[in-house]
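Accompanying notes for the structure given below.
Along the sequence shown, the residues carry numbers beginning at 1. Note that the structure is predicted; figures quoted are calculated from it, not measured.
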Amino acid sequence: MEEDCYPATGMPKNSNLVFAVNGQRFELSSVEPSTTLLEFLRTQTTFKSVKLSCGEGGCGACVVLLSKYDPETDQVEDFTVSSCLTLLCSVNRCSVTTTEGLGNSKDGFHPIHQRLTDFHASQCGFCTPGICMSLFGALINAEKTDRPAAPPGFSKLTVAEAEKSVAGNLCRCTGYRPIVDACKSFAADVDIEDLGCNSFWNRGGTQEPKMTASPIYNGNHKVCTFPEFLKNEIKSSLLLDSKGYSWFTPHSIDEVHSLLNVGDNGARVKLVVGNTSTSYYKEQECYYKYVDLRHIPELSVIRKDQTGIEFGATVTISKAIKVLKEESKGEFGPECEMMFKRVAVHMEKIASPFVRNTASIGGNLVMAQRNGFPSDIATVFLAAGAFVNILSGKMHKKLSLEEFLDIPPLGKESILLSVKIPSWCPVKKSSSDTVSKLLFQTYRAAPRPLGNSLPYLNAAFLAEVSRWNGCGGVVLNKCQLAFGAYGSKQATRAKKVEEFLTGKELTIDVVYECVKLVKAAVIPEDGILSPAYKSSLAVGFLVEFLGPLVDASATVFSGSAVQLCRTALADTEVKQKTEQPRTFLLSSKQVFQSDNEFHPVGKPIKKSQAILQASGEAVYVDDIPSPKNCLHGSFIYSTKPLAIIKNIEFKSKSPPDGVTGLVSATDIPKGGENVGSKTIFGTEPLFADGLTQCCGERLAVVVADTQKHADFASNLAVVEYDFNNLEPPVLTVEEADRRSSFFEVSSIFYPNQVGDISKGMAEADHKILSAEIKLESQYHFYLENQTALAVPDEDNCMVVYSSIQVPEFAQATIARCLGVPEHNVRVITRRVGGGFGGKAIKAMPVATACALAAHKLRSPVRMYLNRKTDMIMAGGRHPMKITYSVGFKSTGKITALQLEILINAGIFPDISLILPSNITTALKKYNWGALSFDMKVCKTNLPSRTAMRAPGEVQGSYIAEAVIEHVASALSMDVDSVRKINLHTYESLNLFYDDSSGDPLEYTLTSIWDKLGMSSKYNQRTEIIREFNEGNIWKKRGISRIPIIHEVAMRPTPGKVSILRDGSVVVEVGGIELGQGLWTKVKQMTAFGLSLIKCDGAGDLLDKVRVIQSDTLSLIQGGFTSGSTTSESSCEAVRLCCELLVERLTPLKERLQQEMGSVTWEMLILQAHLGALNLSASSLFVPEFTSMKYLNYGAASLYATSSKLTLYGYLMKAAVLIQVEVNLLTGQTTILRSDIIYDCGKSLNPAVDLGQIEGAFVQGIGFFMLEEYTENSEGLVLVDGTWNYKIPTVDTIPKQFNVEILNSGHHQKRVLSSKASGEPPLLLAASVHCATRAAIREARRQLRSWGYREDHDSQSHFILKVPATMPVVKELCGVDMVERYLEWKMGDKML
């Protein structure tokens, strides 16, 4: 049968899209070409492991393996891709593998699943499937290499490759260390002793028996990534035509021109290669023609010859890297080959592997040329002298890359064909005494060292240098200096600097003049953040490049030894060699004790259902199949802080595609209330009703047939505002203070002063008055966005599936909104994909909006917020302004501390009124003598702030450290000594913490402090750091040891245990599984509690226990899952249930023993059922007043939301020692080592607690060092995704990550002597900030030694902002530090 053809191109029409997913064949005859692979997998298949999180390829939650078959070579190419960016039409004749395709509970799990589980590398689990696939992609490609066969149990993967395989994957829970260890366990070159806590082996012993104990990985144990049936279906072209959309796959340039020139009445055309540009440029427009350029030979060519390497425009970045790294076969000289490898190394820092695998070289350059994208490729290629080939109509043009970047954007008649990097070799001189060398180096300053973040500035330098007649002077014959990403439209060559340097002998004077020219050349455009910092980077990078070549007397960048230029030239090849792959995590150590006293409680049991999370079988709210006729919602929110809402309409005259309608406050039924969330402090409206009071406030929900259509429609909404007769909004705490805009804090929540502040100040030898600190906000960045599904039920009931930490409160809120009894609302929560407090109050409006829309439309309605909307509405951590005055003795002993704190609560109270109490309990970790404070909770026209892991405590603990640091600076004392002299005695602890202090033996902080000093060799390392700092000019190290005390509150918690007929056990608890291991600890406690019946041959009951989802109509009074103690409270509730069941079963067991002698568990339970014994027990654990509060040391916090206002808890103690290194040229801080000792009492599960400690600590690193949650002048959040909000990644955690869980013995008033671990460790991360301050102090001391004079106060004390980002650190070290150094050296030279 003859194929129907498209008239303009002769290409076949209506070809079907054929591909495979996990070996299953799919054939589609109609596809909307804008459909992504992720969208198809999640909505049209059962494979829900691919998760939507950021939607822009920046998190790795949606990673899959894509496999392509080449019939000519009979080879399959496998590579990971971000399915949220990959268009479905682009996978034609390809095979997709998700983590379900590796293994599952039915067919058996893959070793990847097993090792990630047994290394305790999955907590909330939302990121785990993507991590599995990133690792699988690396493993499968390592096996294709010609490396020697790996030892049994290992792969051909190297340690460095294993770590890099997951470098682009974000995880907010684990702190990455266990993920890295699980990946490294596959590497042939791994040292098993470097791997941390796991379920396979203990430390010590030899490698071979350890590997046999772990799930065996065999390179031949292959998953079929490309099924045979698909190899037979490879066809040449594809055109899909559906609903006015078309997808074309041309095979020649002429066909492209034909497609572009076909008259379609101005229809928009999209040229597609990897579609990765949509991650940066959030396109809202529709395209009516998609042209896939990947199958055009001229655009996919790679040519490598003596003239250089040419890449077709559609060659992916990953393929280009591979080619550039290949060993030369004689085409290039060694210096040129080294240049290519340096280019490749730099390109590996672009995006992440699963983005580089589809992003094209040409696409990157066109983005730079057309849209001013801050491209690394453009900068590096520019320095390398690259040129491009362009086809304009029928005319071929060859332009230098510099010319290409300067011309207007290419029109549709022009196509970028290729880019070529020429080969370089130094010009040979006639004199045999002249030595010439070609030097090439690239530079990049970015928040993340490895990549997956845009640079503050990038640079690349190519130079030919020579030495004259053995005289020692180095002459720069020619050079090409490129700078980019600093705030200009494109990467640029510093031509004036090049002209100045050419032909000159390099001396300090020449370099100094060069610096001035660079500063004049690299000038960011107006409005660019940190312009001075970016200019200083350019200076630092160029001087770092030229420094080693300056004459012998200069010693620039030589550290402690003189580096002669003769040596520099002789060693050029060594210096230019590509660095050996470095690992991120050098080593780690986890120390804990476990015993059999309460077996299996206390054992490092792997997390319950973690393996289901790895295999993609764990079901999250958005994984629940949509019911029939399900609709989808998307919020329309305010972009003004205070305004009257006059009207909401869409940009187009007709409603956007798929839109069913709008739901707003006017749709609340009679008898219902406009309430979106509730706490004990009040309510927050679901929608603004006529007046919006802050940016991000919900105005309405647009409801459509798909989430994509709903999101698209909400972006098309136009809100008409009116500002008449309104006062200016309150946008700062200073303005709130001036206008007395406060929330009233009840005396129940307002802490008590300690001591006599006037007396304390009078006793002081010295005083610091009215010093100020400002702390900003932090976004939760849970990987699973806010989501809910509401399904109308019979009799005016509503079933709501919500990802929420407080189902009970959501139930009450929905009932009030709909005007129905609470028994008409059933809220179900199985698991939450990360919460950190953000899924408590802020999840309620999402669930309530779904319920209201479902009620109005009489159809199921679900919502999954996109990342931008989530970030705008989240509120985040509480910003605050602190003013303090402190009195102290000359010894460093503080006698009085007085505080004034303005807390920015936003527009509604949320949980903000607990902040004064939380701040104070963490602040009181030191003995201040007397403590006085005035804390005001400010009401501002900003989104209401909410709970975020350790709310208030992290700020309070940091304030304490800032005061201690200031006192030490004022006295010129060692800050560690000041900390130690102000640690509590047990007597002062009682004074500050009242009933929470516990018995004297429970006060472990001083012993932790001393133990940490000894185990980490604090004194020796301090001396080593001093010597390092004296011998290094451009790097400084700092060390810091801090304690924490964190007061936690126990609260009433329900539990229910039921034993089924076959002896299996089902458990319900009030707490929600957020990834913190609550279900795991509950299972352990259930197994322990029931084991006390002591049946014969019962063994371990752990495998018989299942914890099930929270259901507000099944188990009531669930309360909040928050404050770190829900796991232990739930465990105690379950233990009480087991106690009841054992009590009921004991008489039956004794009778059966008398009759039968031996009684098994199964026999006992069967007889109990036959005898109608009640085998279901419920309890409500209500802590005794004397045991509801306790302290854990090293950290202290109070967090409670009990409806009875009972704030009982205990103190947590811990301490940490941090060592960092600061690069003074870039401001980058590297955490070299962390040593944490944490008092967990007797841990219920050391593996789970280790994960909580490490994860919280790394989240704290984000707050103190990386994460900027910025707003515009009206309070609208500016950061909207992974491009501009940077949480920690694999390459930003400590290089050596040591944690010891201290078993502090028996605590009779604790749950089996245990203590909490969820929030307190986050406070320890302040030590990273303090260590960075110490390194900066050394940099400033060095600056003063060069003759630089500051005002007196800044010499002793300076303010290091939070977060201490690279620009902040560099500014304090001196943005003109290089110039100061050169001036100092020139002055020395003249002397």
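Side-chain contact between Ser279 and Trp1283 is present, with at least one heavy-atom pair separated by less than 4.5 Å. Considering only heavy atoms from C-beta on, Gln1219 comes within 4.5 Å of Ile1025 through its side chain. With a 4.5 Å cut-off on side-chain heavy atoms, Ile361 and Phe381 count as touching. The shortest distance between side-chain heavy atoms of Val1220 and Leu1232 does not fall below 4.5 Å. Under the 4.5 Å side-chain criterion, counting only non-hydrogen atoms from C-beta, Ile1293 is not in contact with Ile1231. Contact of the Lys1035 side chain with the Leu1224 side chain is not registered, since no non-hydrogen atoms from C-beta on lie closer than 4.5 Å. Side-chain contact check for Ile1359 versus Leu1372: every heavy-atom pair is 4.5 Å or farther apart. Contact annotation: the side chain of Met1265 never approaches that of Pro1363 to less than 4.5 Å [non-hydrogen atoms, C-beta and beyond].
Listed here is the closest heavy atom pair of Leu410 and Leu416: CD1-N, 4.0 Å. Contact between Ala494 and Phe483 at its shortest, heavy atoms only, is CB-CE1, 3.8 Å. Nearest heavy-atom pair across Val1369 and Ala1364 is CG2-O, 3.6 Å. The shortest heavy-atom contact between Ala459 and Leu457 is CB-CD2, 4.3 Å. Across every non-hydrogen atom of Ala1339 and Cys1373, the tightest pair is CB-SG, 3.9 Å. Residues Glu776 and Val1362 come closest through the heavy atom pair CG-O, 4.1 Å.
A donor-acceptor pair shorter than 3.5 Å cannot be found between the side chains of Glu1221 and Thr1230. For Lys420 and Thr307, the side-chain atoms include at least one donor-acceptor pair closer than 3.5 Å. Side-chain contact, Tyr533 with Glu1371: no donor N or O sits under 3.5 Å from an acceptor N or O. Inspection of the Glu464 and Ser436 side chains reveals no N or O donor paired with an N or O acceptor under 3.5 Å. Asp406 and Gln369 share no side-chain donor-acceptor pair at under 3.5 Å.
At least one donor-acceptor pair closer than 3.5 Å links the side chain of Gln1342 to the backbone N or O of Ile1033. Under a 3.5 Å cut-off, the side chain of Glu56 and the backbone N or O of Thr1282 do form a donor-acceptor pair. Remark: side-chain polar atoms of Arg1333 are not paired, donor with acceptor, to backbone N or O of Val1328 under 3.5 angstrom. Judged by distance alone, the side chain of Lys1036 and the main-chain N or O of Asn1029 form a donor-acceptor pair under 3.5 Å. Formation of a donor-acceptor pair under 3.5 Å by the Glu163 side chain with backbone atoms of Ala160 is not found in this model. Without hydrogens or angle criteria, Gln480 side chain to Ala383 main chain gives a donor-acceptor distance under 3.5 Å. Between the side chain of Lys322 and the backbone N or O of Ser318, no donor-acceptor pair lies under 3.5 Å. Counting only distance, with no hydrogens or angles, the side chain of Asn452 and the backbone of Arg448 share no donor-acceptor pair below 3.5 Å. In terms of modelled atom types and a separation under 3.5 Å, the side chain of Arg1380 and the main chain of Trp1346 share no donor-acceptor contact. Judged by distance alone, with hydrogens and angles left aside, the side-chain atoms of Asp1291 form a donor-acceptor pair with the main-chain N or O of Leu450 at under 3.5 Å.
The pair Lys495-Glu499 does not meet the salt-bridge criterion, since no charged nitrogen lies less than 4.0 angstrom from a carboxylate oxygen. Using a cutoff of 4.0 Å between basic side-chain nitrogens and carboxylate oxygens, Asp376 and Lys349 are not scored as salt-bridged.
A cation-pi arrangement, defined by a distance under 6.0 Å to the six-membered ring centre and an angle within 45 degrees of its axis, is present between Lys504 and Phe500. Taking the centre and axis of the six-membered ring of Phe387, the NZ or CZ atom of Lys398 falls inside the cone set by 45° and 6.0 Å. For the pair Arg1037 and Phe1028, the distance from NZ or CZ to the six-membered ring centre is under 6.0 Å and the angle to the ring normal is within 45 degrees.
Checked against a 6.0 Å centroid threshold, the rings of Phe440 and Phe461 do not count as neighbours. A ring-centre distance under 6.0 Å is found for Trp1034 and Tyr1381.
Ring geometry for Tyr1269 against Tyr1285 counts as perpendicular: the plane angle is over 60°, on a 0 to 90° scale with 30° as the lower cut. Between Phe545 and Tyr443, the angle of the ring planes goes over 60°, which puts this pair in the perpendicular group of the 30/60° scheme.
Remark: Leu382 CG to Leu365 CG distance equals 10.0 Å, nearest 0.5 Å. A distance of 12.5 Å separates CD of Gln490 from CZ of Arg370, quoted to the nearest 0.5 Å. Atom-to-atom distance recorded for Asn477:CG and Thr502:OG1 is 8.5 Å, nearest 0.5 angstrom. Between Leu481 atom CG and Leu462 atom CG the span is 9.0 Å, to the nearest 0.5 Å. Expressed to the nearest 0.5 Å, how far CD of Glu1338 lies from CD of Glu1030 amounts to 8.5 Å. A distance of 4.5 Å separates SG of Cys336 from CE of Met339, quoted to the nearest 0.5 Å.
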**Item:** Stepwise salt bridge (Lys or Arg N to Asp or Glu O under 4.0 Å) test for Glu348 and Lys325
**Value:** CA-CA 11 Å; Glu348 286 183 317; Lys325 280 188 166 185; 2.7 Å; yes
I would like to know whether Asn389 and Lys397 meet side-chain contact (heavy atoms from CB on, under 4.5 Å); could you show each step before the answer? CA-CA 6 Å; Asn389 292 301; Lys397 294 181 180 179; over 6 Å; no
Report task. Would you check, one step at a time, whether the test side-chain contact (heavy atoms from CB on, under 4.5 Å) holds for Thr1292 with Thr1289? Result -> CA-CA 5 Å; Thr1292 55; Thr1289 43; 3.8 Å; yes
* To do: Using the side-chain contact (heavy atoms from CB on, under 4.5 Å) rule, take Met1377 and Leu1382 through it: C-alpha gap first, then chi angles, then the decisive distance, then the call.
  => CA-CA 9 Å; Met1377 173 173 272; Leu1382 293 173; over 6 Å; no
Test Thr316 against Ser360 for side-chain contact (heavy atoms from CB on, under 4.5 Å), laying out the working first. CA-CA 4 Å; Thr316 66; Ser360 66; 5.6 Å; no
Ser488 vs Glu525, test: side-chain hydrogen bond (donor to acceptor under 3.5 Å, both in side chains). Steps then yes/no.
CA-CA 6 Å; Ser488 62; Glu525 295 178 352; over 6 Å; no
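No more than 12 heavy atoms of other residues, nucleotides or ligands lie within 6.0 Å of NZ in Lys1361, so this atom counts as exposed by the packing criterion.
For residues 479-493, the salt bridge (charged side-chain N to carboxylate O under 4.0 Å, His left out) pairs, not counting sequence neighbours, are Glu402-Arg493, Arg493-Glu498.
Exactly one of Asn458, Thr379, Thr492 qualifies for a side-chain hydrogen bond (donor to acceptor under 3.5 Å, both in side chains) with Tyr486. That residue is Thr492.
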